[in-house]
Number of protein chains: 2
Amino acid sequence: MRVRLEDVARAAGVSPKTVSRVLNDEANVTARTREKVRAAIEAMGYRPHPSARSLASNRSFLVATLYDNPSSNYLTEILGGVLEACDQHRYSMLVRPLDVNAADFVARVDAFISHHRPEGLVLTPPITDHAALLARLHERGVRYASVSPIERAGRIGAFMDEPLAARQMVEHLLALGHRRIAHVVGHPAHGASRWRLDGYRAALHAAGMSCDPALVVQGDFSFGSGVTAARALFSLPRDRGPTAVFAANDDMAAGVIWTAGEHGLAVPRDVSVCGFDDTPIAHQIWPALTTVHQPSHDMGRIAALQLLEVLRGRGEGAMVQVPFALRVRESTAPAA
Amino acid sequence: MRVRLEDVARAAGVSPKTVSRVLNDEANVTARTREKVRAAIEAMGYRPHPSARSLASNRSFLVATLYDNPSSNYLTEILGGVLEACDQHRYSMLVRPLDVNAADFVARVDAFISHHRPEGLVLTPPITDHAALLARLHERGVRYASVSPIERAGRIGAFMDEPLAARQMVEHLLALGHRRIAHVVGHPAHGASRWRLDGYRAALHAAGMSCDPALVVQGDFSFGSGVTAARALFSLPRDRGPTAVFAANDDMAAGVIWTAGEHGLAVPRDVSVCGFDDTPIAHQIWPALTTVHQPSHDMGRIAALQLLEVLRGRGEGAMVQVPFALRVRESTAPAA
DNA sequence: CAGCAAATTGACAGCGCTGTCATCTGGCGC
DNA sequence: GCGCCAGATGACAGCGCTGTCAATTTGCTG
C-alpha cells in the first residue's frame, strides 16, 4: 500500500489535519511546522490521492476544454496552454470535442458536466458565443473562461486586438502600393470574421479609400472556401480584380495561393496574398505566407489561469489582452 | 444536494449494494431487479460520483494518452479516437505532451502517473518504443496500448501494414513509368521511417531495379527537412536526378513541392511527388498530394479499446491491423 | 505576572461509493 | 414434504482525505 497522509502525519509528529493544511497552503500553520511537514512529505515521496481529496472537499480539481474547431493546430496550441496552467495548479484537464450545430448540443454539454463534474470550463470559438449554452452554464453555476469571445463584457479569459491586427495587415499591403485589395471573410459564426473585416475596412477608410463590395467575398475559414472565393476574385475583369488578397485565416490564404496557380497568376509577382493566425501551413506553402501571429498557446494558458484564479478563490479573473505580431514573409510584394 | 446511490436504492426498494451491482454490470442480479433499478436511475437522473467510485474501488477510470509528436493533425485524430473509446466505457481521458529527449523523460512520466494514477496509457510514436519507459511501466505494472509501435511482439494496440503501403505507393510511380525514384526518409527514431524505406526498397527490388543510394536522402518528417532533401536531389545532374520523389510523410512532400518551385520544376510535369499520411496539408497545397491515407482516428480508438478490454478484465487485448488506402491526386503523373 | 484574544493544532465525522462476507430465497432431488 | 445448494440480496466497514469545531498554545497588554 502506498503512503497516505496519515503516515506522513505520524512521521512528522503532527495530526493528519495539519498535513492537509500544509498540502493546501492554508493559513495558520507556523513556518516551523510547515517545514517539518514538507520535509516528511518529501522524504516519503507522498502524493495526495486525487479521488479522496475530491470526495472529501467536494471539488473535482478538473477543468474541461470545450471545442468545435476544425483547425487542429490552433486547438493543439490552445490545449497545450490550458494544460500548462492546469499543471501549475495541480488541476487535471479534460478535453471535449463537440458539434455546436447538433440539436442536442446544450444537452450534451450538460451530460458531460454531470458526468465528469469539472469545476470550470475553458471555451474556445465558436462555443464562446453560444447563447443557449452560456445561459445554461449560468443557470447551473458553472464557471468558465473564454478564448476570443465575441462579447467580452463581464467575461474572463484572453483576447487579442484583432481589428487592429487586421488593420495593420492591410496597411502593410497599402504601404506596398496595393490599391485593389480583396478580403476573404471568415465563417460567420466566428467573431474573428467580423473583427478582421472591420480592421480591413478601417484601414481602407483611414487611407481615404472606398471599399469595393466585389472585392469582399464570403468564406468559412476552410481551404476550399478560399479556393472558391479566389476563383470569383480572379475571374473579375483584369482592371477590376485584386492585386492583393487578405484572407481572414491562413487556410483560406493557402487556398487563394493554390487558385492563383490554377489561374496562371504568380504569387507575389502578380498578386500578393496574406493570411491570419500563423499556423504551420504559413511556412509549409510556397511562397511562405505573410500573416499575423496569434499567441494561441499563451491565450489558452492565460484564459485557464483566469479561470483557476476564480476556482481557487484567489480573485475575480479578468479578460486579458495579449499582443500580436505581423509576420511578413514571401507572399506579399510591392504592387506591379 | 444531488441524488446519491442511496436515494436510488430507497426509490427502487433495494439495498445500495444492489444498485451498485446494476451500475457495474455485475452478475447475480435478477432481470426483474435490474430493470427496477435501471428505471429508478433513469427517473431520478442519477449519475455516480466518479471520485467516490474511484476511492472505494481503488480504480481511477482514467486513461492517459502520451505524445511527443509535432503533427497536430495526426495527434488530434488519435486523441479523438481514444476519447471515443473512453466515452464508450465511461472512462475519462487525460492528455500528456512530453519531450522524449529530455533527460528526465522517464521521471516525468513516473511523476505524472503517481499524481494522476491513470489505469492505463495509450502510447503514440515515438514514445511507443522508448525502452527505458517501457521497462519502467512493466516494473510499475502500468498497462498500456501502443499506436504503430516498432516492436509489436507481445504488445496490444493498433498498426498498419506500412511497408506494404509504401510499396504500393512506389509501385504506383513505377506504373506511371518512373525509373529514377527518390525517397526522403523520415525521422530515425520513428519506426514508420524504416517501414516506408523498406517498402520503397521492396518495390524497386520486385521490379528488378537497384536502389541508387544518391536517391535516398535522410529527413526528419519536418517540412524544412523535405526542403533540404529536395535541394540535394534537384542539384543532381539532370540524367541522374529523380523524376519522382516519394517522401515518407506529407509535410516533407510539401517541402519537396516547395523546393521544386524554387528550382523551376513543375509538379507533376517535371517531377512527380507523393507523401504519406493524408494530413490536411495534402489537399491544401497545389497540386494536391498523392499520398497514403492512414486511419488515425480509428487507430487511436482501436488501440484504446484494446487497453480498455484489459483494464475492464474483459480480455487480453490484441495488436490489431487496420487497413490503409492509396489516395491518388494531382501531384503524380506519367514520367515525361 | 495575570488575563485575554488570536493563532495554531487536533479530534472526529463523513464525503459516496464498493469489497467482503453474512443472510436470505427459491428450486430441486429424494 | 424436507433438506440442501446455488444464486440473489443486504449489512457494514472503510477507501484517504477535508470541514467543522473544540482544545490548546502563543503573544500581548496593563
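To find a chain, count down the sequence lines: A is the first, B the second, and so on, and within it residues start at 1. Side chains included, hydrogens not; waters and symmetry mates left out as well; all remaining heavy atoms used.
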Notebook entry, point to check: CE of B/Met44 versus P of C/dG16: gap in Å, rounded?
Noted result: 14 Å

Next item on the list: Compute both the distance and the angle, then confirm whether A/Arg59 meets the cation-pi test with A/Phe61: under 6.0 Å from the six-membered ring centre, within 45 degrees of the axis.
Entry: yes

List, with names and distances, any nitrogen or oxygen atoms from the protein found under 3.5 Å away from nitrogen or oxygen atoms belonging to nucleotides 19-24 of chain D.
{"residue": "D/dG19", "atom": "N7", "partner": "A/Lys17", "partner atom": "NZ", "Å": "2.9"}

Next item on the list: Can you tell me the distance, in whole Å, between the CZ atom of B/Arg53 and the C1' atom of C/dC15?
Entry: 16 Å

Checklist line | Interatomic distance, A/His115 NE2 vs C/dC17 P [rounded to whole Å] | finding: 13 Å

Note to self: What I'd like to find out is whether the side chain of A/Glu77 reaches to under 4.5 Å of the side chain of A/Ser71, using heavy atoms alone.
What the structure shows: no

Margin query: What is the separation between atom CG on B/Asp25 and atom P on D/dA8, rounded to the nearest whole Å?
Written below: 15 Å

Notebook entry, point to check: What's the CD-P distance between A/Glu6 and C/dA11, to the nearest Å?
Noted result: 12 Å

Next item on the list: Measure from the side chain of B/Thr30, starting at C-beta and using heavy atoms only, and say which of D/dA8, C/dT8, C/dC15 lies closest.
Entry: D/dA8

Notebook entry, point to check: Atom CG of B/Leu5 to atom P of C/dC17: distance rounded to whole Å?
Noted result: 5 Å

Note to self: What is the distance, to the nearest angstrom, from the CG atom on B/Asn58 to the C1' atom on C/dG16?
What the structure shows: 16 Å

Note to self: If you apply the rule side chain to side chain donor-acceptor pair (under 3.5 Å), what do you find for B/Ser60 with B/Arg117, and how did you get there?
What the structure shows: CA-CA 7 Å; B/Ser60 65; B/Arg117 308 176 190 221; over 6 Å; no

Item checked: Among D/dG10, C/dG16, D/dT9, the one nearest B/Val29 by side-chain distance -> D/dT9

Notebook entry, point to check: B/Thr18 has a side chain; which of D/dT9, D/dG16, C/dT18 sits nearest to it?
Noted result: D/dT9

Checklist line | OP1 or OP2 of C/dT9 under 4.0 Å from side-chain N/O of A/Asn28 | finding: no

Notebook entry, point to check: So, B/Asp87 and A/Arg96, do they make that salt bridge, N to O below 4.0 Å?
Noted result: yes

Margin query: Less than 4.0 angstrom from a charged side-chain N to a carboxylate O is my criterion; do B/Arg32 and B/Glu35 meet it?
Written below: no

Note to self: I'd like to know whether CZ of A/Arg108 has more than 12 heavy-atom contacts from other residues, nucleotides or ligands below 6.0 angstrom.
What the structure shows: no

Check: Which nucleotide in the list C/dC17, D/dC17, D/dT9 gets nearest to the side chain of A/His49?
Finding: D/dC17

Checklist line | Under 4.0 angstrom between B/Tyr46 side-chain N/O and C/dC17 OP1 or OP2 | finding: yes

Check: Below 4.0 angstrom from OP1 or OP2 of C/dC17, is there any side-chain N or O of B/Ser54?
Finding: no

Checklist line | Distance, rounded to the nearest Å, where A/Ile41 contributes CD1 and D/dG16 contributes P | finding: 17 Å

Item checked: Note: B/Glu6-B/Arg10 ion pair, threshold 4.0 Å (strictly below) -> yes

Next item on the list: Indicate, with a heavy-atom threshold strictly under 4.0 Å, whether B/Thr33 touches base, sugar-phosphate, or nothing.
Entry: sugar-phosphate

